[in-house]
*Asks:* 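Have a look at this one.
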Amino acid sequence: MSSVQVECVLPGNCRCGESPVWEEASNSLLFVDIPAKKVCRWDSLGKGVQQVTVDAPVSSVALRQSGGYVATIGTKFCALNWEDQSVAVLATVDKDKKNNRFNDGKVDPAGRYFAGTMAEETAPAVLERHQGALYSLFPDHHVEKYFDQVDISNGLDWSLDHKIFYYIDSLSYSVDAFDYDLQTGKISNRRSVYKLEKEEQIPDGMCIDAEGKLWVACYNGGRVIRLDPETGKRLQTVKLPVDKTTSCCFGGKDYSEMYVTCARDGMDPKGLLQQPQAGGIFKITGLGVKGIPPYPYAG
Ligand SMILES: O=C(O)[C@H](O)[C@@H](O)[C@H](O)[C@H](O)CO
Ligand SMILES: [Zn+2]
């Protein structure tokens, strides 16, 4: 039996850390700080952090097959060239909704970049409701819209056989599943696979492990939980020393470590004193289960 260990590997400087993605080629963790408009890359060997500042809130980042990265910036799907720090817009969504921005995003197993939107918050989880929608950017740069009426579009991932799409709209307090058609990118048959318990608070980012179980970061819940989407049961809880845990991914050697992002925006001075690591990057080891590599955007 392995023992689970939680370690802060990068001290708390994120206002709202999100979208951790492991880049095997550089042994690095990519992530964003949404309100700080920063995409960051932490070198797990050299321990340095590089960052690129963009001109609007950046809510997710992903690998790109042809090199560099893609990111959701404001309401735009963008390509990001790390070398010269340039951003190129690939597509824009929600043009009629001036107060909207993208939130979490991830690439599907066929290389489509999925991301959803939300109204900008006045405080964490306080926002005009039902303003968001879920989209994907296909490799040919056209965008498809799946549904709207979303509150806070958040965690997403696909089953290991690529037949199910898992999705979180945070204010539904539910982890949902859809049937997934990898050929067409179409989703259908929405259902809930897990409803959060009160102390688990708000479901945020999510990733799947190599056994097909889901890991969900619980905002305000200070934990990640492991769920069996087939039985609807929670299998494990790992607590962190910070409340505003936002997202998680596997990385490190053979994807045997988990990385967790969190936020410090929304905390009062007392809370920040009690949780000085708020806004840091955490590494969890000893979980005894591995993750899978992230899929790169194919366009
Ligand atoms: O990171 C996100 O997904 C949102 O952009 C954040 O603002 C919070 O997580 C949200 O407030 C929690 O519900
Ligand atoms: Zn999130």
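Numbers for residues simply follow the sequence, beginning at 1. Ligands are counted one by one from 1 in listed order, and the atoms in each one are counted from 1 as well.
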*Asks:* Distance alone, cut at 3.5 Å: any donor-acceptor contact between the side chains of Asp204 and Asn154?
*Replies:* yes
*Asks:* Assess the pair Phe147 and Phe178: is the distance between their ring centroids shorter than 6.0 Å?
*Replies:*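 Yes, close enough.
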*Asks:* Where is the nearest protein heavy atom to atom 2 (C) of ligand 1: which residue, which atom, and how far?
*Replies:* Glu18 OE2, 3.2 Å
*Asks:* Taking the Zn ion (ligand 2) as the vertex, how big is the angle to OD1 in Asp204 and OD1 in Asn154, rounded to 10°?
*Replies:*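 That angle is 90°.
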*Asks:* Both conditions, 6.0 Å and 45 degrees, for the charged tip of Arg112 above the ring of Phe138: are they met here?
*Replies:* yes
*Asks:* Number the atoms of ligand 1 from 1 as they appear, then name those within less than 4.0 Å of a heavy atom of Ile34, with their elements.
*Replies:*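 Per the distance check, 1 (O), 5 (O).
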*Asks:* Quick check: does Glu18 have an N/O/S atom under 2.8 Å of the Zn ion (ligand 2)?
*Replies:*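 For Glu18, the answer is yes, given that an N, O or S atom comes within less than 2.8 Å of the Zn ion (ligand 2).
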*Asks:* Could you list the atoms of ligand 1 found under 4.0 angstrom from a heavy atom of Cys16?
*Replies:*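 Going through ligand 1 atom by atom, the ones under 4.0 Å from Cys16 are 1 (O).
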*Asks:* Starting from atom 10 (C) of ligand 1, what is the nearest protein heavy atom, named by residue and atom, and what distance separates them?
*Replies:*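 For this ligand atom, the closest protein heavy atom is Glu121 OE2, 3.4 Å.
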*Asks:* Relative to each other, are the rings of Tyr295 and His162 parallel, tilted or perpendicular (30° and 60° limits)?
*Replies:* perpendicular
*Asks:* Indicate if the distance from the Zn ion (ligand 2) to the nearest N, O or S atom of Ser59 falls below 2.8 Å.
*Replies:*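 It does not: Ser59 brings no N, O or S atom closer than 2.8 Å to the Zn ion (ligand 2).
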*Asks:* Run the numbers for me: atoms of ligand 1, each under 4.0 Å from some heavy atom of Ile202, listed by number.
*Replies:*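 Per the distance check, 13 (O).
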*Asks:* Quick one: do Val32 and Ile168 end up in the same hydrophobic cluster if we chain Ile, Leu, Val, Met, Phe, Trp and Tyr together by side-chain heavy atoms under 4.5 Å apart?
*Replies:*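 No, because Val32 and Ile168 fall into different hydrophobic clusters, even though each may have its own neighbours under 4.5 Å.
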*Asks:* Give the numbers and elements of all ligand 1 atoms closer than 4.0 Å to a heavy atom of Asn154.
*Replies:* 3 (O)
*Asks:* Does ligand 1 have an atom that lies less than 4.0 angstrom from a heavy atom of Arg101?
*Replies:* yes
*Asks:* Is it true that Trp158 and Tyr166 have ring centroids separated by less than 6.0 Å?
*Replies:*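 When the ring centroids of Trp158 and Tyr166 are compared, they turn out to be at least 6.0 Å apart.
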*Asks:* Is Trp215 close to Gln236 at the side-chain level, that is, under 4.5 Å between some pair of heavy atoms?
*Replies:*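 Side chain of Gln236 against side chain of Trp215, heavy atoms only: contact under 4.5 Å found.
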*Asks:* Of all the atoms in ligand 1, which lie at a distance below 4.0 Å from a heavy atom belonging to Ile152?
*Replies:* 13 (O)
*Asks:* Any chance CD of Glu230 has more than 12 other-residue heavy atoms, nucleotides or ligands included, within less than 6.0 Å?
*Replies:* no
*Asks:* Report yes if some N/O of Thr246 lies less than 3.5 Å from some N/O of ligand 1; otherwise report no.
*Replies:* no
*Asks:* Among all protein heavy atoms, pick out the one at the shortest distance from atom 4 (C) of ligand 1; state its residue, atom name and that distance to 0.1 Å.
*Replies:*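 Of every protein heavy atom, Asn103 OD1, 3.6 Å lies nearest to atom 4 (C) of ligand 1.
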*Asks:* With a 3.5 Å cut-off and no angle check, do the side chains of Tyr259 and Glu257 form a donor-acceptor pair?
*Replies:* yes
*Asks:* Which residue and non-hydrogen atom of the protein lie closest to atom 9 (O) of ligand 1, and at what distance in Å?
*Replies:* Asp204 OD2, 2.4 Å
